[in-house]
> 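Sharing a structure below in structure tokens format, with a few things to ask.
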Amino acid sequence: QTLIPLYNVSPTQSATATLEPNAVPLNSKEYNIGGIKVLFPFPAYGVQLAMMNQTLRALKTKVHALIESPTGTGKTLSMLSAALAWQKHEKTNMMAQHSAQRIEQVTAWQAKRDADPTMMEITAAVTMAEAIRKQMLEEEAMNPLAAEQATQTDLINKYDDDDNNNNDDDD
């Protein structure tokens with residue numbers, strides 16, 4: 001496996017030596033590191049920016065990173081902030097990609113439907129059936145007893161039909 005080089009940084013070391021050129025602070029608590037917006041609870045020290053940068057590089061390239069720094073330099077907070085920012089960035093990208101694929105699928109289906117007269121007839125029939133079903137549901141919601149009464153009437157008519165059919169056989 002590939003490892004990102006070990007960086008032994010101190011709290012007083014400047015971050016400009018190890019940061020990518022596009023790691024520009026947006027404000028005191030939000031940093032753009034490698035195109036990813038990283039939120040940080042307070043103004044970050046240079047060493048913390050360097051650790052966030054290394055964490056993001058490792059996540060982007062899917063490799064391990066070894067970071068060594070003295071106690072109290074903010075390793076845990078820096079790595080967590082970077083990892084959460086990367087996770088949010090990836091989720092947003094995946095959702096955008098999924099949306100684009102879905103739009104392509106729908107557009108292709110619509111083009112196929114519009115080119116095929118049979119598909120147009122089927123689509124019209126389905127649309128009409130959905131409209132009728134919606135109207136029936138609305139009527140049923142307005143008068144719930146009507147559906148029950150209609151069902152009872154249907155059963156009575158069925159028994160009457162059955163009786164008539166049975167009587168015809170006896171003749």
Side-chain angles (χ1 to χ4, degrees), residues 1-138 140-141:
Q1 288 183 347
T2 308
L3 292 176
I4 291 181
L6 176 66
Y7 287 89
N8 188 358
V9 292
S10 69
T12 57
Q13 197 174 22
S14 171
T16 55
T18 56
L19 282 180
E20 296 174 348
N22 55 356
V24 181
L26 300 174
N27 64 32
S28 63
K29 295 183 181 185
E30 187 175 285
Y31 300 91
N32 183 353
I33 302 174
I36 297 176
K37 183 174 79 170
V38 180
L39 301 176
F40 208 68
F42 50 84
Y45 294 119
V47 66
Q48 292 167 329
L49 290 171
M51 284 187 272
M52 286 187 277
N53 182 50
Q54 289 305 112
T55 302
L56 290 171
R57 278 184 52 206
L59 290 168
K60 285 180 182 179
T61 57
K62 298 181 181 177
V63 296
H64 296 284
L66 298 174
I67 299 174
E68 181 180 23
S69 187
T71 302
T73 55
K75 294 180 293 295
T76 303
L77 182 59
S78 298
M79 286 187 263
L80 281 173
S81 294
L84 291 171
W86 178 81
Q87 182 183 33
K88 182 177 181 180
H89 179 77
E90 287 297 304
K91 182 178 180 181
T92 303
N93 286 346
M94 286 174 42
M95 289 173 54
Q97 184 180 12
H98 178 71
S99 295
Q101 288 173 346
R102 185 70 180 129
I103 289 170
E104 280 181 26
Q105 290 172 345
V106 169
T107 304
W109 181 83
Q110 287 174 338
K112 182 179 177 182
R113 178 199 65 196
D114 294 344
D116 185 358
T118 306
M119 288 295 290
M120 290 175 66
E121 291 172 11
I122 291 170
T123 303
V126 168
T127 303
M128 186 183 304
E130 288 174 350
I132 291 169
R133 183 177 179 275
K134 181 179 176 184
Q135 182 180 1
M136 290 173 63
L137 290 172
E138 287 173 356
E140 187 177 313

> Find the distance between CG (L80) and CE (M52) and round it off to the nearest 0.5 Å.
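Answer for the CG-CE pair, L80 versus M52, is 11.5 Å.
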
> Would you compute the distance between atom CD1 of I132 and atom NZ of K134 and round it to the nearest 0.5 angstrom?
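Those atoms lie 13.5 Å apart.
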
> Working to the nearest 0.5 angstrom, can you tell me the gap between L56 CG and S78 OG?
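L56 CG to S78 OG: 10.5 Å, rounded to 0.5 Å.
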
> Just to verify, which of Q97, H89, K91 counts as forming a side chain to side chain donor-acceptor pair (under 3.5 Å) with N93?
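In the set Q97, H89, K91, the residue that makes a side chain to side chain donor-acceptor pair (under 3.5 Å) with N93 is H89.
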
> Would you check if K60 and I36 make a side-chain contact, meaning some heavy-atom pair closer than 4.5 Å?
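K60 reaches I36 side chain to side chain.
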
> Can you tell me how far apart CG (L39) and NZ (K29) are? Round to the nearest 0.5 Å.
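L39 CG to K29 NZ: 10.5 Å, rounded to 0.5 Å.
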
> Which value, rounded to the nearest 0.5 Å, describes the distance between F40 atom CZ and L49 atom CG?
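Between F40 CZ and L49 CG, I get 7.5 Å after rounding to 0.5 Å.
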
> Could you tell me whether a side-chain N or O of Y31 sits under 3.5 Å from a main-chain N or O of A44, the two making a donor and an acceptor?
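Here the side-chain-to-backbone pair exists.
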
> Taking all non-hydrogen atoms of both residues into account, name the closest pair between L59 and A83 and its distance.
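Taking L59 first and A83 second, the nearest heavy atoms are CD1-CA, 3.8 Å.
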
> What are the two closest non-hydrogen atoms of T107 and I103, and how far apart are they?
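Nearest heavy atoms, T107 then I103: OG1-O, 2.7 Å.
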
> Rounded to the nearest 0.5 Å, how far does CD of E130 lie from CG of L137?
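CD of E130 is found 11.5 Å from CG of L137.
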
> Of all heavy-atom pairs between L77 and P41, which one has the smallest distance, and what is that distance?
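Minimum heavy-atom separation between L77 and P41: CD2-CG, 3.7 Å.
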
> Can you check whether M51 reaches Q54 side chain to side chain, under 4.5 Å on heavy atoms?
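M51 vs Q54: side chains apart.
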
> Can you name the residues that form a side-chain contact (heavy atoms from CB on, under 4.5 Å) with Q87, not counting sequence neighbours?
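By the side-chain contact (heavy atoms from CB on, under 4.5 Å) rule, Q87 matches L84.
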
> Heavy-atom distance under 4.5 Å between the side chains of N32 and K37, does that happen here?
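Side-chain contact under 4.5 Å: no.
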
> Ignoring hydrogens and angles, tell me if any N or O in the side chain of K75 forms a donor-acceptor pair with the backbone of P70 under 3.5 Å.
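Side chain of K75 to backbone of P70: a pair is present.
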
